[in-house]
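All figures in this text were calculated on a predicted structure; none of them were measured in a lab. Just the heavy atoms: all of them, side chains too, but no hydrogens, waters or symmetry mates, feed the values below. Whatever order the structure lists ligands and atoms in, that order sets their numbers, starting from 1.
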Amino acid sequence: MTQTITKPEALLEALGLDEHLLAGARAANEAFALRVPAPYLARIRRGDPNDPLLRQILPLGEELEEQSGYVSDPLDEGAAKRAPGLLQKYAGRALLITTQACAIHCRYCFRREFPYAEQVSGEGGRWNEALEAIATDSSLEEVILSGGDPLTLSDARLKQITDALAAMPHVQRIRVHTRQPVVLPSRVDDGLSGWIVGIRQPVVFVLHVNHPNEIDDEVRAACARLRAVGVTLLNQSVLLAGVNDDVDTLKRLSITLMNAGVLPYYLHLPDRVRGTAHFDVAESRAKELVAALTTQLSGYLVPRLVREIPGAPSKTTIV
Ligand code: SF4
């Protein structure tokens, strides 16, 4: 976490990128800070402003252009708040906002303007209220650790949460949404494995990989370690213009994930959060892409194309 680039000028220098990108990067960095850890940086091609991994992390001036229909809380998560740090959107499961910290800042993030100050506290005191709400609602069979990225918390803090959940008989599954095994694979160490082994319930990790170049040998090793301690690995991608909106990339992504032991599960149409209009892919184009994938891959390698619609009882399947 200490070997992280947070300054636009340092990013451009490290990747040999043209200085004309600097003004926009500095301006957008003010609104949503740049953050990219060393292992992820190493996978970005030097001197290529169109690199699909760079596009996910480089602040651009166009993020600051107001676009109609793009808002701060496109999923109306404010309405899903059950307790400080606890959101419930769908029946049977609830989402614990464990932290606001991430190892990487993804420019398309739908929580880039999330009011974390109201949702999590550094001391964990507010988790108590959230955990209390879970404990007293026996309909909640699954708890999703989210954020931010839950794996930015120490193993001890994670254990605090899962020990509390272990004492709730109705909580049957723990799901962790994280990008850390991909952007900082060394996080999957003995300590993390020990934490997972001690969890009473089955554990599912949902990784967020958008491009096959994000998966290298270190990531494959991290996935293997997670599988070795019994974690089910799923992936959800976001369909992003200029990153993965072509058949060849999506096909290679599914195959690369499966070879790493990760099931490609969801392909999300991007949420319309302010500053991300340049990533948008039309629904008609998304359908064409998935239709093409269907003719080229085994069924289990074709992710479900979905969109999240505020207030809907589940994610809305497009294909
Ligand atoms: S890791 Fe997830 S929560 Fe963090 S910035 Fe990226 S998309 Fe957002």
Lys/Arg-Asp/Glu bridge criterion (N-O < 4.0 Å) met for R179, D149: no
- prompt: Are any of the side-chain nitrogens in D248 or K251 under 4.0 Å away from the carboxylate oxygens of its partner?
  reply: no
query: Quick check: does C109 have an N/O/S atom under 2.8 Å of atom 8 (Fe) of ligand 1?
result: yes
query: Below 4.0 angstrom, N of the basic side chain to O of the carboxylate: do R43 and D51 qualify?
result: no
field: Lys/Arg-Asp/Glu bridge criterion (N-O < 4.0 Å) met for R55, D48
entry: no
message: Heavy-atom contact check, 4.0 Å cutoff: does D149 meet ligand 1?
response: no
Nearest protein heavy atom under 4.0 Å from atom 2 (Fe) of ligand 1, yes or no: no
query: Which is it for R112 and E63 under the salt bridge (charged side-chain N to carboxylate O under 4.0 Å, His left out) test, yes or no, and what are the steps along the way?
result: CA-CA 12 Å; R112 44 186 287 171; E63 291 177 27; 3.1 Å; yes
message: I'd like to check which ligand 1 atoms, numbered from 1 as shown, lie under 4.0 Å from a non-hydrogen atom of C102.
response: 1 (S), 3 (S), 4 (Fe), 5 (S)
task: Could you list the atoms of ligand 1 found under 4.0 angstrom from a heavy atom of I104?
output: 4 (Fe), 5 (S)
Nearest protein heavy atom with distance in Å, relative to atom 5 (S) of ligand 1: C106 N, 3.4 Å
